[in-house]
Protein chains: 2
Amino acid sequence: MKKRPTIIDVAQAAGVSKSTVSLVLQESPLVKAETVELVRKTMAQLGYVYNRAAANLRSANAGLIGLVINDLRNPFFTEFATTAQMAFSAKGYATVLANTDEDTSLQLQVVGSMIEHGVSGILISPSYGDERLCFDLLARAQVPTMQVLRHVDRRCDLFPLFAPDNHRGAILATEHLLDAGAKKIAFVGGLEGRSITDERLSGYLEAIQEAGLEPIRMLGRSSRTFGRETAIDLSENHPDIDGAVCFNDLVALGMLSGFNQIGRQAGRDFKLIGFDDIEECSEVWPKLSSVSCDIKDFAAEAAVTMLGWLETAKKPEPVRRGGVELVARMSSLGNVSI
Amino acid sequence: MKKRPTIIDVAQAAGVSKSTVSLVLQESPLVKAETVELVRKTMAQLGYVYNRAAANLRSANAGLIGLVINDLRNPFFTEFATTAQMAFSAKGYATVLANTDEDTSLQLQVVGSMIEHGVSGILISPSYGDERLCFDLLARAQVPTMQVLRHVDRRCDLFPLFAPDNHRGAILATEHLLDAGAKKIAFVGGLEGRSITDERLSGYLEAIQEAGLEPIRMLGRSSRTFGRETAIDLSENHPDIDGAVCFNDLVALGMLSGFNQIGRQAGRDFKLIGFDDIEECSEVWPKLSSVSCDIKDFAAEAAVTMLGWLETAKKPEPVRRGGVELVARMSSLGNVSI
DNA sequence: GTTCAAATTTGGAACGTTCTAAAAATAGAA
DNA sequence: TTCTATTTTTAGAACGTTCCAAATTTGAAC
């Protein structure tokens, strides 16, 4: 088990100085083409591998970006994380990923670990709760940090926010159900006091009041199970409710399952719409209407913004909202062909 | 923008040597309790953050583990990745994650990047294809690497394999459908020539031939869409087929959607079972039977094995199979209560 | 041949840790 | 006291890069 060759070994073998080898590694235009060739060849021969830890020690760019996600099991966040990771990868950055499972103390720990590792920047979809310690740590360490998807720390001047326009999305969804003929529409799922819930709920309320109707809140966990139970409860105890704007697609998909179970069909006599437009929406039957924030584009844009911040050292605007779009499918139209 | 304090600053402020500070960082029992106290306090005061790059340069343990996943969007792999990441995190290791999207050239690139970053070990669920370059690289760099879930590089003495017992799982699934009364059972989904497909298919074939029946292969992509299309095709063109062992849960869930669409109910006149037992199986209706390899346990076990390898420098056994268990639910039983 | 500028290469000092061997402090026994 | 054994602390050399300033080579113009 002998150790890896260093640039000094390469320099020796190639008959140049270690500085030259270093310049080759950095693709500097200073060094002559033939020399580059020679050094590259020698590296390949010796099986040289670059030691970033050493480089980082000197130059303070680890080529590492942190990605902190509150719930990686939710396909919406999975899609965000993988897309962002691949965008970083394409620019030569490796991604340190951590799932915090909505646990702020875990979040504090992993963020600390990332700072130790010298990440150049952090994208965080933060856990709700006592996040102060975590963000204070980030502020002290002066690590460029963007809040994505969720709005937790209010110091957006320090930690810029980039999130979909949830308020507007919920308005679109609610108006769409009204257009589709629903008369009594509930808002299902989402826990009170969380930024996303508040934003989506407020959009729903605005549209409902605009239409002169009474809002119906059925808040709860944003899980399939909650959706399924609610669908069954709704049919049994509130048969007059004929539409639901769901907090997210998981809840809506759960409702779809519930309807299947009791033999009711969304789209025909019940207008259903989700939020996030995860892939599964177009793969179930009946296909689920949803509000899309084009999560792939969103994630790629978030990654680009972070990379821009790192390159130019210019902080992005404090609050930025990503566009949302209504995707009407069978669950709200009742039209088999869509 | 002034720079972070180092152990030298801490040492100075606390009136001890940098060696002492270093020992405190390593929680060495050598240093007196009062001194530890003093140093800790000083660190907190100065807002000291540990620089792992520097430490790594000297001691060659970056506290970083690589996780390379072929398809992070599949909930089965998501679950594996998050569980493993959290297990590593608990032991003080940060996780560098990369999704390769079944692309071997991307895989080569990210593995190279991980090696540069000095990961202590790599857990890889490899992409199918030309994986040779990637594994040769790993062999040269002498990074402890475990193949998980999938079997690609045959050099298991170099790259130990830890995967569920797919063969046995498929036997259990097939026998279960036979017990449940199915007379004509197809194997649906999975692409030929891939280790998991081969293993699961062979289990199915064995059980089918054991029962004196004719196997029916309907291989294809392992997506919901393929499952849905197959379900519809089956009902139209092969009404005699009354059971399906699916390559994985996604295919089975797709079939469930297809059945919903055409008004057929799995469990009653069609016996359906998936593989992997992802959470969604018990959240849809009808609930989906599946073969569980207890992915959380599996992932935790994989993480522990890797950590053990790193600590003891003793390579794990070349091939190890995780246990599988049949989880019978409504889609194969027709019993509403389960 | 010189000369000068431009192009290319190079030594050596960082960077912030860990580790080794040795020094210093402390405590207990004589 | 003095000595010894033990505990605690420390100086200084690594580790593998990058970066600066300076040295060397090249080549074109005289």
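These numbers come from the heavy atoms of this one structure, side chains and all, not from hydrogens, waters or symmetry mates. Lettering follows sequence order; numbering is per chain, from 1.
B/T35 has a side-chain polar atom (N or O) that falls below the 4.0 Å cut-off from OP1 or OP2 of D/dT9. Taking 4.0 angstrom as the limit, B/Q26 places a side-chain polar atom (N or O) nearer than this to OP1 or OP2 of C/dC19. For the OP1/OP2 pair of C/dT18 and a distance below 4.0 Å, the side-chain nitrogens and oxygens of B/S22 include at least one atom meeting the criterion. The phosphate of D/dT10 has OP1 or OP2 within less than 4.0 Å of a side-chain N or O from B/T20.
Minimum atom distance to the side chain of B/N51 is reached by C/dG16, of the listed C/dG16, C/dC19, D/dT18. Nearest nucleotide to the side chain of B/I7, out of C/dT18, D/dA11, D/dT18: C/dT18. For B/K18, whose side chain is taken as the heavy atoms from C-beta onward, the closest listed nucleotide among C/dG16, C/dT18, D/dT9 is C/dT18. Nearest to the side-chain atoms of B/L23 among the listed nucleotides D/dT8, C/dT17, D/dT10 stands D/dT10.
Under 4.0 Å is where a charged nitrogen must lie from a carboxylate oxygen, and between A/D136 and A/R140 no such pair does. Salt bridge absent: B/E37 and B/K32 never bring a charged side-chain N and a carboxylate O closer than 4.0 Å. The pair A/E311-A/K91 does not meet the salt-bridge criterion, since no charged nitrogen lies less than 4.0 angstrom from a carboxylate oxygen.
Between the P atom of C/dG11 and the CD atom of A/Q12 lies a distance of 11 Å, rounded to the nearest Å. Atom pair A/E27:CD and D/dT18:C1' shows a separation of 15 Å (rounding to whole Å applied). The distance between atom CZ of B/R52 and atom C1' of C/dT17, rounded to the nearest whole Å, is 12 Å. Atoms CG (B/N56) and P (C/dG16) sit 16 Å apart, rounded to a whole Å. Look at CG on A/N61: it is 12 Å from C1' on D/dT18, rounded to the nearest Å. Distance A/I8 CD1 to D/dT17 C1': 9 Å, rounded to the nearest Å. When the P atom of D/dT25 is taken as reference, atom CD of A/E34 falls 16 Å away, rounded to whole Å. Taking atom CG of B/L25 as the reference point, atom P of C/dT17 lies 7 Å away to the nearest angstrom.
Each of B/P29 and A/L57 was assigned the nucleotide of DNA chain D with the nearest heavy atom; the assignment lying further toward the 5' end belongs to B/P29.
At a cut-off of 3.5 angstrom, the base of C/dT17 holds no donor-acceptor pair with the side chain of B/R58. Side-chain atoms of A/S19 and base atoms of C/dG11 include a donor and an acceptor less than 3.5 Å apart.
Between B/F298 and B/F162, the two ring planes are parallel [angle under 30°; tilted spans 30° to 60°].
The residue B/T6 sits close only to the backbone: its heavy atoms come under 4.0 Å of sugar-phosphate atoms, none of a base.
Listed for the B/T312 side chain is a donor-acceptor partner under 3.5 Å among the backbone atoms of B/G308.
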